[in-house]
Participant: 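Have a look at this one.
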Amino acid sequence: PSSVARSDDFLKRILFCTDAASSLVRDIGLILLGKCLIHRRHLDKQVYRRVLARVADEAVIVRKRAMRTLKDIYTRNDSDDMKSDIASMLLTRMKDPDDGVSDLAGQIFEELWMAPFYESAKKESVRQQLALQKHVNLFVRTLRTGTFPQAELENFLRGILTKSAKNAAPNYKVCKKMV
């Protein structure tokens, strides 16, 4: 990570690896990029679109790694544009031909969009209400600008609200508060 701070050339080489012909090299490039971003968070906005492109990669391992990296980027940043783009991309992966990828996309989406609000659905403070309102605004923004099939979001919500879902009760409370 300190090498990235000293030289833009180092970051360019890592980004070059994320576009390599070999899926193993692309995966290693994403691993290196993720490690660098943990220590150099200001680079998130500069490189997240490159990571978004890897979510549609032909290799399953690269798609999964890119989604995990995007999850980290999402949690570290406040940019609504960035968060909306990441959420939209995760929604498109819920219909992935590989079950592992689609399950991971749903799991990450639930962790990012529902789990942070489990506590605020139980008790109400002004701070929690404002956070939930901001989240609802992001939700609406993603629906308006997203390039995903809206049926994917509907299927996701149905899935997390079914009685057999792991977190059905807290998910229901969050959805109820959002509405």
Side-chain angles (χ1 to χ4, degrees), residues 1-94 96 98 100-120 127-128 130-139 141-142 145-148 156 166-167 170 174:
S2 61
S3 298
V4 173
R6 288 192 305 261
S7 169
D8 285 338
D9 188 48
F10 193 75
L11 179 62
K12 288 177 186 175
R13 290 174 191 250
I14 292 174
L15 292 173
F16 180 76
C17 290
T18 64
D19 288 333
S22 167
S23 61
L24 183 59
V25 173
R26 291 191 305 272
D27 185 45
I28 296 296
L30 286 172
I31 290 170
L32 287 172
L33 186 60
K35 288 181 179 183
C36 291
L37 293 176
I38 289 171
H39 300 286
R40 303 288 179 239
R41 295 178 178 172
H42 67 279
L43 296 174
D44 285 349
K45 290 180 183 178
Q46 185 179 340
V47 300
Y48 90 98
R49 290 202 182 276
R50 186 70 70 92
V51 180
L52 277 175
R54 292 297 96 202
V55 174
D57 197 273
E58 65 213 27
V60 170
I61 192 166
V62 175
R63 290 195 302 263
K64 287 182 175 182
R65 177 89 54 210
M67 287 190 298
R68 288 185 192 106
T69 304
L70 287 172
K71 176 186 173 192
D72 294 339
I73 292 171
Y74 184 102
T75 56
R76 287 192 301 257
N77 289 279
D78 290 329
S79 168
D80 286 344
D81 289 335
M82 188 183 303
K83 287 184 171 193
S84 184
D85 289 347
I86 291 170
S88 182
M89 184 55 76
L90 288 171
L91 283 166
T92 63
R93 291 292 72 173
M94 287 186 199
D96 196 272
D98 184 89
V101 172
S102 60
D103 291 346
L104 180 62
Q107 176 189 349
I108 290 173
F109 196 80
E110 184 175 358
E111 289 172 12
L112 295 176
W113 277 46
M114 304 304 279
F117 301 99
Y118 288 165
E119 286 301 312
S120 62
R127 181 182 221 170
Q128 291 167 333
L130 290 173
L132 189 61
Q133 181 61 42
K134 183 177 180 183
H135 184 65
V136 169
N137 291 339
L138 178 63
F139 197 95
R141 177 190 191 126
T142 302
T145 61
T147 58
F148 58 90
F156 167 74
K166 181 180 174 185
N167 296 312
V174 171

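Computed from a predicted structure; not experimentally measured. The chain is numbered in sequence order, starting from 1.
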Participant: If you take all heavy atoms of Ile73 and Asn77, which pair is closest and at what distance?
Facilitator: O-ND2, 2.7 Å
Participant: With rounding to the nearest 0.5 Å, note down the distance linking CG in Asp85 to CG in Leu90.
Facilitator: 11.0 Å
Participant: How many angstroms lie between CD1 in Ile31 and CD1 in Ile28, if you round to the nearest 0.5 Å?
Facilitator: 4.0 Å
Participant: Shortest non-hydrogen contact from Leu30 to Thr18?
Facilitator: N-CG2, 3.9 Å
Participant: With a 6.0 Å cut-off (strictly less than), is the heavy-atom count around CZ of Arg13, excluding the residue itself, greater than 12?
Facilitator: no
Participant: What closest approach, in Å, do Thr69 and Gly34 show between heavy atoms, and which atom pair accounts for it?
Facilitator: CG2-CA, 4.4 Å
Participant: Using every non-hydrogen atom in the two residues, find where Leu15 and Arg50 come nearest and quote the distance to one decimal.
Facilitator: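 Here Leu15 and Arg50 meet closest at O-NH1, 2.9 Å.
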Participant: Identify the two heavy atoms, one from Ile86 and one from Leu52, that lie closest to each other, and give their separation to 0.1 Å.
Facilitator: CA-CD2, 4.1 Å
Participant: So does Glu58 get a backbone contact from the side chain of Arg63, meaning a donor-acceptor N/O pair under 3.5 Å?
Facilitator: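 Pair found, side chain donor or acceptor close to backbone of Glu58.
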Participant: So how far is it from Met94 CE to Leu91 CG, rounded to the nearest 0.5 Å?
Facilitator: 4.5 Å
Participant: Can you list the residues that meet the side chain to side chain donor-acceptor pair (under 3.5 Å) rule with Glu111, with sequence neighbours excluded?
Facilitator: Lys71, Gln107
Participant: Please check if the side chain of Arg26 supplies one atom and the backbone of Cys17 the other of a donor-acceptor pair under 3.5 Å.
Facilitator: no
Participant: Is there a side-chain contact (heavy atoms from CB on, under 4.5 Å) between Leu132 and Gln128 once you walk through the steps?
Facilitator: CA-CA 6 Å; Leu132 189 61; Gln128 291 167 333; over 6 Å; no
Participant: For a 4.5 angstrom cut-off between non-hydrogen side-chain atoms, does Val55 reach Leu70?
Facilitator: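 The answer is yes; the side chains approach within 4.5 Å.
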Participant: Using the rule given for side-chain contact (heavy atoms from CB on, under 4.5 Å), can you reason through Asp96 versus Asp103, listing the C-alpha separation, both sets of side-chain angles and the distance that settles it, and then say yes or no?
Facilitator: CA-CA 9 Å; Asp96 196 272; Asp103 291 346; over 6 Å; no
Participant: Are the side chains of Cys36 and Leu43 in touch, meaning some heavy atoms are under 4.5 Å apart?
Facilitator: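 Cys36 does not reach Leu43 side chain to side chain.
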Participant: Atom CD in Gln46, atom CZ in Arg40: separation rounded to 0.5 Å?
Facilitator: 13.0 Å
Participant: Which residues pass the side chain to side chain donor-acceptor pair (under 3.5 Å) test with Asp80, not counting sequence neighbours?
Facilitator: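 If we apply the side chain to side chain donor-acceptor pair (under 3.5 Å) test to Asp80, skipping adjacent residues, there are no hits.
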Participant: Quick check: do Asn167 and Met114 have side-chain heavy atoms less than 4.5 Å from each other?
Facilitator: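 Of all side-chain heavy-atom pairs linking Met114 with Asn167, none is under 4.5 Å.
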Participant: Can you find a heavy atom in the side chain of Leu104 that is under 4.5 Å from one in the side chain of Val101?
Facilitator: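 The answer is no, as the side chains (C-beta and beyond) never meet within the 4.5 Å cut-off.
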Participant: With rounding to the nearest 0.5 Å, note down the distance linking NE2 in His42 to CZ in Arg76.
Facilitator: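 The CZ atom of Arg76 is 11.5 Å from NE2 of His42, to the nearest 0.5 Å.
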Participant: Between Asp72 and Arg68, is the closest basic N to carboxylate O distance under 4.0 Å?
Facilitator: no
Participant: Does Ile61, at its CD1 atom, have more than 12 non-hydrogen atoms belonging to other residues, nucleotides or ligands within less than 6.0 Å?
Facilitator: no
Participant: Quick one: pull up CZ in Arg65 and CZ in Arg54 and give me the separation to the nearest 0.5 Å.
Facilitator: 14.0 Å
Participant: When the ring planes of Phe139 and Trp113 are compared, do they come out parallel, tilted or perpendicular, using 30° and 60° as the limits?
Facilitator: tilted
Participant: Do you know which two heavy atoms are closest between Leu112 and His135, and how far apart they sit?
Facilitator: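 Minimum heavy-atom separation between Leu112 and His135: O-CE1, 4.5 Å.
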